[in-house]
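This report concerns only the one structure given below.
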Amino acid sequence: MILNIGIDIEQVSRFKNQSARLMSKIFSAKELKHINKSDLQRIAGIFSAKEAVIKASNPIEKLNFRNIEILHRKDGFPFVQVKNARKVTSKDLKISISHSKDYAVAAAVLMKR
């Protein structure tokens with residue numbers, strides 16, 4: 001059963017001059033390994049996915065950037081890893097990320113079985 005959805009859109013250029021300190025506050029070490037600093041579309045996409053997960057999870061649990069990791073399988077498919085949450089698990093969330101030259105968008109669906 002679908003409980004909620006979240007969506008977010010970000011302008012890619014917003015991430016052009018982000019400091020390493022800010023990046024480490026937003027992204028986990030695992031995410032930073034996957035991010036090439038010059039790949040602004042990927043940065044914006046992962047950020048957008050985190051925002052979408054926060055919005056989708058809100059009715060059940062308030063998550064923040066540190067609770068959420070957006071990781072990728074070997075085939076490139078993104079998935080959510082939720083840490084230190086009581087009511088929402090990684091299995092409860094599905095995400096999709098897309099980007100163009102100027103914008104990145106992500107959607108998250110919160111499901112409970």
Side-chain angles (χ1 to χ4, degrees):
M1 170 177 30
I2 295 176
L3 296 179
N4 202 20
I5 62 169
I7 189 166
D8 188 68
I9 186 169
E10 297 294 334
Q11 193 167 14
V12 171
S13 62
R14 173 181 179 204
F15 298 90
K16 189 173 184 176
N17 296 314
Q18 298 299 329
S19 70
R21 181 177 170 188
L22 180 61
M23 293 287 285
S24 67
K25 286 184 177 186
I26 295 171
F27 302 107
S28 72
K30 287 182 184 178
E31 289 168 326
L32 289 171
K33 283 182 186 177
H34 192 71
I35 293 172
N36 177 342
K37 210 170 182 187
S38 64
D39 190 353
L40 299 181
Q41 287 92 359
R42 180 171 296 240
I43 294 168
I46 293 173
F47 182 88
S48 188
K50 286 184 172 230
E51 286 282 352
V53 167
I54 288 168
K55 292 171 184 177
S57 301
N58 192 35
I60 294 179
E61 186 161 10
K62 293 191 185 288
L63 299 178
N64 61 50
F65 288 118
R66 303 310 285 163
N67 294 108
I68 303 163
E69 283 185 317
I70 306 299
L71 304 174
H72 294 78
R73 298 187 322 207
K74 289 181 183 180
D75 62 4
F77 191 81
F79 66 95
V80 181
Q81 186 71 43
V82 178
K83 303 182 297 184
N84 302 320
R86 293 182 181 159
K87 300 175 184 175
V88 175
T89 70
S90 301
K91 292 179 182 178
D92 298 330
L93 291 156
K94 303 296 180 208
I95 61 168
S96 180
I97 304 170
S98 187
H99 53 75
S100 68
K101 180 182 174 189
D102 297 321
Y103 293 94
V105 64
V109 177
L110 175 64
M111 304 180 313
K112 281 287 187 181
R113 296 173 192 140

Non-hydrogen side-chain atoms of [X] and [Y] separated by less than 4.5 Å:
X	Y	answer
Ile43	Phe27	yes
Leu3	Met111	no
Thr89	Val82	no
Lys101	Val12	no

Might you point out which heavy atoms bring [X] and [Y] nearest each other, and give the distance in Å?
X	Y	result
Gly45	Ala106	O-CB, 4.3 Å
Leu32	Ser24	CD1-CA, 4.2 Å
Ala56	Gly6	CB-N, 3.6 Å
Phe65	Ile54	N-CD1, 4.2 Å

Ile46 reachable from Phe77 in the ILVMFWY side-chain graph, under 4.5 Å edges
no
Is there a path from Ile95 to Leu71 through hydrophobic residues (I, L, V, M, F, W, Y) whose side chains come within less than 4.5 Å of each other?
no
Salt bridge check: are Glu31 and Arg42 linked by an N-O gap of less than 4.0 Å?
no
Is the number of heavy atoms from other residues, nucleotides or ligands within 6.0 Å of [atom1] ([X]) greater than 12?
X	atom1	answer
Asn64	CG	yes
Ile5	CD1	no
Lys83	NZ	yes

Criterion side-chain contact (heavy atoms from CB on, under 4.5 Å) on Val80 and Glu69, from CA distance to verdict
CA-CA 6 Å; Val80 181; Glu69 283 185 317; over 6 Å; no
Can you check side-chain contact (heavy atoms from CB on, under 4.5 Å) on Asp102 and Gln11, steps first, answer last?
CA-CA 6 Å; Asp102 297 321; Gln11 193 167 14; 5.6 Å; no
Between Leu22 and Ile26, does a side-chain contact (heavy atoms from CB on, under 4.5 Å) hold up when you go through it step by step?
CA-CA 6 Å; Leu22 180 61; Ile26 295 171; 3.9 Å; yes
Donor-acceptor under 3.5 Å (Lys91 side chain, Lys112 main chain)
no
Flag, side chain of Ser57 to backbone of Leu63, donor-acceptor distance under 3.5 Å:
no
Looking at residues at least two apart in the chain, or sitting in another chain, which of them share a ring pair (Phe, Tyr, Trp, His ring centres under 6.0 Å) with Phe79?
none
Separation between [atom1] of [X] and [atom2] of [Y], rounded to the nearest 0.5 Å:
X	Y	atom1	atom2	result
Lys30	Ile70	NZ	CD1	12.5 Å
Ser28	Gln81	OG	CD	9.5 Å
Arg86	Ile60	CZ	CD1	15.0 Å
Lys62	Lys87	NZ	NZ	11.0 Å

If hydrophobic residues (ILVMFWY) are linked whenever their side-chain heavy atoms come closer than 4.5 Å, directly or via other members, who joins Tyr103 in its cluster?
Ile7, Ile9, Val105
Any side-chain donor-acceptor pair under 3.5 Å between Glu10 and Ser48?
no
Matching residue for Val53 among Asp8, Asn58, Ile68, Asn67 - test: side-chain contact (heavy atoms from CB on, under 4.5 Å):
Ile68
Please state whether the rings of His34 and His72 are parallel, tilted or perpendicular, taking 30° and 60° as the class boundaries.
parallel
